[in-house]
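Accompanying notes for the structure given below.
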Amino acid sequence: MLEYLTYFNLVNAFIVIFTVPAIFLVNFPESNKWHKWGCMFGILSEIPWMILAWLLYNQGQLIWGSILLNVCFTIGYCIGVYNYWIKPL
């Protein structure tokens with residue numbers, strides 16, 4: 001059980017480390033050079049969210065809302081990656 005708690009805490013730490021910058025960077029004006037980094041931090045933040053949803057699902061918790069939001073945010077951040085990183089090339 002201790003190993004699980006340590007892993008759970010690590011996942012939560014990564015959620016905070018990547019989600020908080022994503023929130024602020026996405027909301028910067030588009031003229032700001034850091035704005036395009038918001039979607040990259042957002043994509044990185046979705047990985048621990050997926051892991052957390054999977055861990056909770058394996059414990060028998062029905063968290064369909066979190067999984068649905070995770071899919072929607074991932075699609076949204078992928079659109080941002082395409083618009084700011086792939087399309088300009």
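Nothing here was measured: the structure is a model prediction, and the numbers come from that model. One is the number of the first residue; the rest follow in order along the sequence.
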### Query
CZ of Phe14 to CG of Asn9: how many Å apart, nearest 0.5 Å?
12.5 Å

#### Entry: Heavy-atom side-chain proximity of Trp85 to Cys39 below 4.5 angstrom
yes

### Query
Linking I/L/V/M/F/W/Y whenever any side-chain heavy atoms sit under 4.5 Å apart, do Trp34 and Val81 land together?
yes

### Query
Do Ile43 and Ile23 share a hydrophobic cluster, counting only Ile, Leu, Val, Met, Phe, Trp and Tyr and linking them when any side-chain heavy atoms are less than 4.5 Å apart?
no

### Summary
One should read off an interatomic distance between Thr74 OG1 and Asn70 CG, to the nearest 0.5 angstrom, of 4.5 Å

### Query
Roughly how far, to the nearest 0.5 Å, is the CH2 atom of Trp37 from the CG atom of Leu44?
9.5 Å

### Query
Can you get from Ile47 to Tyr57 by hopping between Ile, Leu, Val, Met, Phe, Trp and Tyr side chains that sit under 4.5 Å apart?
no

### Message
On a heavy-atom basis, which atom in Gly38 and which in Ala22 lie closest, and how many Å separate them?
### Response
O-CB, 3.7 Å

### Query
With a cut-off of 6.0 Å (strictly less than), are more than 12 heavy atoms of other residues, nucleotides or ligands near CZ of Phe28?
yes

### Between CD1 on residue Ile86 and SG on residue Cys78, distance to nearest 0.5 Å
8.5 Å

### Those residues that, when tested against Ile63, pass side-chain contact (heavy atoms from CB on, under 4.5 Å) (two or more places apart)
Ala53, Leu56, Gln61, Ser66, Ile67

### Task
Output, in order, the C-alpha distance, side-chain angles, deciding distance and verdict of side-chain contact (heavy atoms from CB on, under 4.5 Å) for Glu46 and Phe18.
CA-CA 9 Å; Glu46 290 307 309; Phe18 290 116; over 6 Å; no

### Message
In this structure, is the centre-to-centre distance between the rings of Trp54 and Trp49 below 6.0 Å?
### Response
no

## Note on the structure
Closest non-hydrogen atoms of Ile15 and Pro48, given as atom of the first, atom of the second and distance, are CG1-CB, 3.6 Å

### Task
Quick one: pull up CD1 in Ile17 and CG in Asn12 and give me the separation to the nearest 0.5 Å.
11.0 Å

### Query
Between Tyr77 and Val26, is any pair of side-chain heavy atoms under 4.5 Å apart?
yes

### Query
Is there a chain of hydrophobic side chains (I, L, V, M, F, W, Y, each step under 4.5 Å between heavy atoms) that links Phe8 to Met50?
no

### Task
Find out whether Tyr84 and His35 are in side-chain contact, i.e. whether some heavy atom of one side chain is under 4.5 Å from a heavy atom of the other.
yes

### Query
Phe24 and Phe41: same hydrophobic cluster, using ILVMFWY side-chain contacts below 4.5 Å?
no

